[in-house]
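Okay, so here's the structure we're looking at.
Since the structure is predicted, the reported quantities are computational estimates derived from the model, not experimental observations. All values below were derived from every heavy atom in this structure, side-chain atoms included, with hydrogens, water molecules and symmetry-related copies excluded.
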There are 2 protein chains.
Amino acid sequence: MNGEMNHKAYKALGDPTRLRIVQFLSQMCCGRAVMNESGGVYPGPTASEVCCQITGAEKITSTISHHLHELEAAGLIAIERRGKQMICSLRSQAFEEVALNLQSIARGDGTNACAEASDCEPGGDCCTPTGEVEQACC
Amino acid sequence: MNGEMNHKAYKALGDPTRLRIVQFLSQMCCGRAVMNESGGVYPGPTASEVCCQITGAEKITSTISHHLHELEAAGLIAIERRGKQMICSLRSQAFEEVALNLQSIARGDGTNACAEASDCEPGGDCCTPTGEVEQACC
DNA sequence: TGATCATTTCGCTAAATTACGAAATGAAAT
DNA sequence: ATTTCATTTCGTAATTTAGCGAAATGATCA
């Protein structure tokens with residue numbers, strides 16, 4: 001049951017400011033190989049640049065710093081020190097994984113389906129559609 | 001920009017109780033064609049059955065009722081009156097759509113990418129990796 | 001070393017969220 | 001019509017969260 005990890009990701013994305021941060025990082029092609037003007041790989045925007053983009057502030061605010069670390073704790077972005085700045089990048093793989101989990105929920109397959117009806121705690125004995133349940137749920 | 005709709009879905013899924021409700025509905029095959037014991041299409045569990053499964057309570061609690069309507073408001077489930085009970089079912093399509101949005105974020109394609117750098121409000125003038133921005137972000 | 005810059009931590013306030021029990025509503029059964 | 005059952009609404013308490021400014025930390029530069 002990967003529910004534990006996923007609910008943190010959803011919670012992190014549930015804040016509109018954090019969702020905008022993530023969309024901005026997506027636009028910046030973080031986590032994918034992109035060349036910058038000097039021919040090197042562009043590592044991603046600094047925390048300050050993210051903040052500017054989201055709030056218009058010239059310097060990073062404590063609020064955006066906090067949001068960035070929430071996203072990091074949820075496993076959705078990476079934050080790495082480079083000199084005195086912090087470089088932010090999207091953890092694309094995490095998004096792919098959460099997307100797969102959503103599809104699994106949508107399709108009722110594998111990960112989210114019970115092997116047995118009684119797997120569904122704590123009420124026990126799912127009211128399954130197949131009508132094979134001895135004891136009704138409620 | 002579908003960000004508005006999606007952030008509500010993420011917020012709804014960010015609560016562990018609601019995520020468990022959704023997983024339970026997924027297991028119950030809601031939204032897909034499943035036969036019940038009398039040969040008809042199983043419509044989904046009642047609100048009370050959902051509550052029993054999640055909390056173990058014999059009757060529906062106001063808390064679960066509230067969570068169900070939060071999920072409905074986020075477009076993730078459908079709730080339909082049938083006699084004196086409310087029947088719950090997953091809106092599978094909504095989950096597929098949110099999953100696609102996550103993949104779009106992961107891959108930096110279409111929906112979440114700016115057509116123009118200046119699309120990214122309110123800071124304006126993205127610090128794009130291509131180095132084609134006149135005015136720096138911060 | 002001292003100054004400066006980018007970021008984080010701290011203390012706080014306001015607002016939102018979760019949860020619960022009691023009372024109210026809606027629909028069917030007697 | 002009254003009762004019964006399933007669910008919702010209401011009022012409220014406890015907890016969490018977002019946001020802000022000031023002070024503290026970490027790292028480079030002069």
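Proximity of residues 67-80 of chain A to DNA chain C (heavy atom under 4.0 angstrom from any strand atom) is restricted to A/His69.
Among the nucleotides D/dT7, C/dA19, D/dA18, the one closest to the side chain of A/His66 is D/dA18. When each of D/dA6, D/dA18, C/dA19 is scored by its nearest atom to the side-chain atoms of A/Arg18, the top-ranked nucleotide is D/dA18.
Donor-acceptor pairing under 3.5 Å is recorded for the side chains of B/Glu72 and B/His69. A side-chain N or O of A/Glu97 and one of A/Gln93 form a donor-acceptor pair less than 3.5 Å apart.
In this structure, A/Ser65 reaches the C/dT8 phosphate: one of its side-chain N or O atoms is under 4.0 Å from OP1 or OP2. For the pair A/Lys11 and D/dT16, the criterion of a side-chain N or O lying under 4.0 Å from OP1 or OP2 is not met. Between A/Thr61 and D/dG21, a side-chain N or O to OP1/OP2 separation shorter than 4.0 Å is absent.
In this structure, B/Lys8 atom NZ and C/dA16 atom C1' are separated by 15 Å, rounded to whole Å. In this structure, the CE atom of B/Met86 is 9 Å from the C1' atom of D/dT8, given to the nearest Å. The CD1 atom of A/Ile60 sits 5 Å away from the P atom of C/dT7 (whole-angstrom rounding). Atom CG of B/Asp15 is separated from atom C1' of C/dA16 by 13 Å (rounded to the nearest Å). Residue A/Ile87 contributes atom CD1, which lies 12 Å from atom P of C/dA6 at whole-angstrom precision. Atom CD of B/Glu58 and atom C1' of D/dT7 are 16 Å apart (whole Å). When the P atom of C/dT17 is taken as reference, atom NE2 of A/His7 falls 15 Å away, rounded to whole Å. For the pair B/Ile64 CD1 and D/dT9 C1', the interatomic distance rounds to 17 Å; values are reported in whole Å.
Between A/Asn101 and A/Tyr10, some side-chain heavy-atom pair lies under the 4.5 Å cut-off. A heavy-atom distance below 4.5 Å is not found between the side chains of B/Lys59 and B/Cys51. Using a 4.5 Å cut-off on side-chain heavy atoms (C-beta onward), B/Asp15 and B/His67 make contact. Inter-residue side-chain proximity for B/Pro45 and B/Leu25 is flagged as met; some heavy-atom pair is nearer than 4.5 Å. Looking only at side-chain heavy atoms (C-beta outward), A/Leu102 and B/Leu102 come within less than 4.5 Å of each other.
At distances below 3.5 Å, at least one donor-acceptor pair connects side-chain atoms of B/Arg91 with backbone N or O atoms of B/Gly75.
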Please evaluate residues B/Glu96 and A/Arg107 with respect to the criterion salt bridge (Lys or Arg N to Asp or Glu O under 4.0 Å), reporting the C-alpha separation (whole Å), side-chain torsions for both, the decisive distance (0.1 Å), and the verdict.
CA-CA 9 Å; B/Glu96 297 278 4; A/Arg107 297 167 191 178; 2.8 Å; yes
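Between A/Thr17 and B/Thr46, the residue anchored closer to the 5' end of DNA chain D is B/Thr46, taking for each the nucleotide with the nearest heavy atom.
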With sugar-phosphate taken as primed atoms, P, OP1 and OP2 and all else as base, the protein-contact string of nucleotides 22-30 of chain C at under 4.0 Å (heavy atoms; B, S, -) is -----SS--
